[in-house]
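Letters A, B, ... mirror the listed sequences (proteins, then strands); counts begin at 1. The model shown is predicted, which means the values in this text are computed figures rather than measured ones.
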Amino acid sequence: MSSSRTFETVFPVRDYDLAATLDSGQVFRWRRKDASWTGVVGKHWVRLTSAQNAIRAQTHAPREQWDWLRAFLQTRVDLAAILETFPGDPPMRAAVAACRGLRLLRQEPWECLASFILSSTKQIVQIRQIIAQLCDRFGEPVAVPSGEPSAFAFPPAEKIAGLSESELRACKAGFRAPYLLATAVEVASGRFNLKALRTLSHERARAELMNLPGVGRKIADCVLLFACGFDSAFPVDVWVERALRRLYFSRRRVNHKKLRHFAATHFGPHAGYAQQYLFHYMRAKNGMAFHRGAEK
DNA sequence: TACCAGGAGAGCG
DNA sequence: CGCTCTCATGGT
């Protein structure tokens, strides 16, 4: 049962754009309510509010320690130091200037993997809808303060492994349903060890992930970057490919492979952060272009 | 209405 | 390899 009581803490932060970070296509379950964002981390309902050089966090159950949330938000990451490592070329500078404070979160690996299997050839709005249905139908309910809409944990691999393909298709997963199901079986059975990925090299971990059904290079790099802490991972999707071609290779023919090589060598040790800035920059610019009716 | 979306896998030469 | 096609579904 729920009461209106909440428990809160404050994380001191600098250069942290909470809204941009939670709405940048790396997580899909956060919703804005007034000036706050509500979501579920693990088994806990969370409300986050941006303040002056701080993030205020509220949960429903009393918490003695907040390491789990600090880890998710990555509040102790020195963003300024990371931005220093970016190349100083004009496109990169423009991308950073467009959204200083954009961060990378540290997600739970299974939720990240499952989410991005469901992401392929979908718009972010639709990815949110599919994942919301999946959690509403098959996730365990989590305690929420009274007056708040009910919330559900992300269904674990063991749960999804026991579902039928049609149950997943009912969530509008489409042709991704059999991929998610088969991958859930691999993870739930223990044949695939998600937790061990971070002990491997980037290349080895990526190769392992790409053995899973429905997981190619792009989704593998998303999991490595968003969940496993490989800052060098550089997911190349249609937006990032478009960004690289327009910003760095305008009017030059480059194939996909050459583009990936450029991505792997040009952006430094925190290339994944650079990628997220380019992705956000491109999406924002395209949005404005759409309203002007220009751009292709 | 037509096109496209944070792709992957299979088939082909 | 590298290219093309298909897959399911809804937003714009």
What residues form a side-chain hydrogen bond (donor to acceptor under 3.5 Å, both in side chains) with [X], not counting sequence neighbours?
X: A:R217; answer: none
X: A:R70; answer: A:D67
X: A:S24; answer: A:Q26, A:Q276
X: A:R32; answer: none

- So does A:R128 pair up with A:D23, basic N to acidic O under 4.0 Å? yes

- Message: What I want to find out is whether A:R56 reaches A:E8 closely enough, with some N-O distance under 4.0 Å, to be called a salt bridge.
- Response: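 Yes, A:R56 and A:E8 are salt-bridged.
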
- Item | First of A:L212 and A:P235 reached from the 5' end of DNA chain B, by closest nucleotide |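 Final value for this comparison: A:P235.
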
- Query: Residues two or more places apart in sequence or in another chain: which of them pass side-chain contact (heavy atoms from CB on, under 4.5 Å) with A:A184?
  - Reply: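 Checked A:A184 against side-chain contact (heavy atoms from CB on, under 4.5 Å); matches are A:W110, A:I160, A:A161.
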
- Could you list by number each residue of residues 268-280 of chain A showing a heavy-atom separation from DNA chain B of less than 4.0 Å, or answer none if no residue does?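 Residues of residues 268-280 of chain A that come under 4.0 Å of DNA chain B are, in numerical order, A:Q275, A:Q276, A:F279.
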
- Query: Which of residues 215-222 of chain A sit near DNA chain B, with a heavy atom under 4.0 Å from it?
  - Reply: A:V215, A:G216, A:R217, A:K218, A:I219

- Item | Nucleic acid contacts - residues 96-113 of chain A versus DNA chain C, non-hydrogen atoms under 4.0 Å |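 Heavy-atom contacts with DNA chain C come from no residue of residues 96-113 of chain A; none.
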
- Message: Reading 5' to 3' and counting Watson-Crick or G-U wobble pairs with both distances under 3.5 Å, write the dot-bracket notation for DNA chain B, | for bases paired outside the strand.
- Response: .||||.|||||||

- First-last contacting nucleotides on DNA chain B - partner chain A, under 4.0 angstrom, heavy atom: B:dA5 to B:dG9

- Message: Can you build the contact string for nucleotides 3-10 of chain C? Use B for base contact, S for sugar-phosphate-only contact, and - for no protein heavy atom under 4.0 Å.
- Response: ----BBBB

- Query: If you look at every heavy atom in A:D17 and A:C99, which pair is closest and at what distance?
  - Reply: OD2-SG, 4.1 Å

- Query: Partners of A:D34 by salt bridge (charged side-chain N to carboxylate O under 4.0 Å, His left out), sequence neighbours excluded?
  - Reply: none

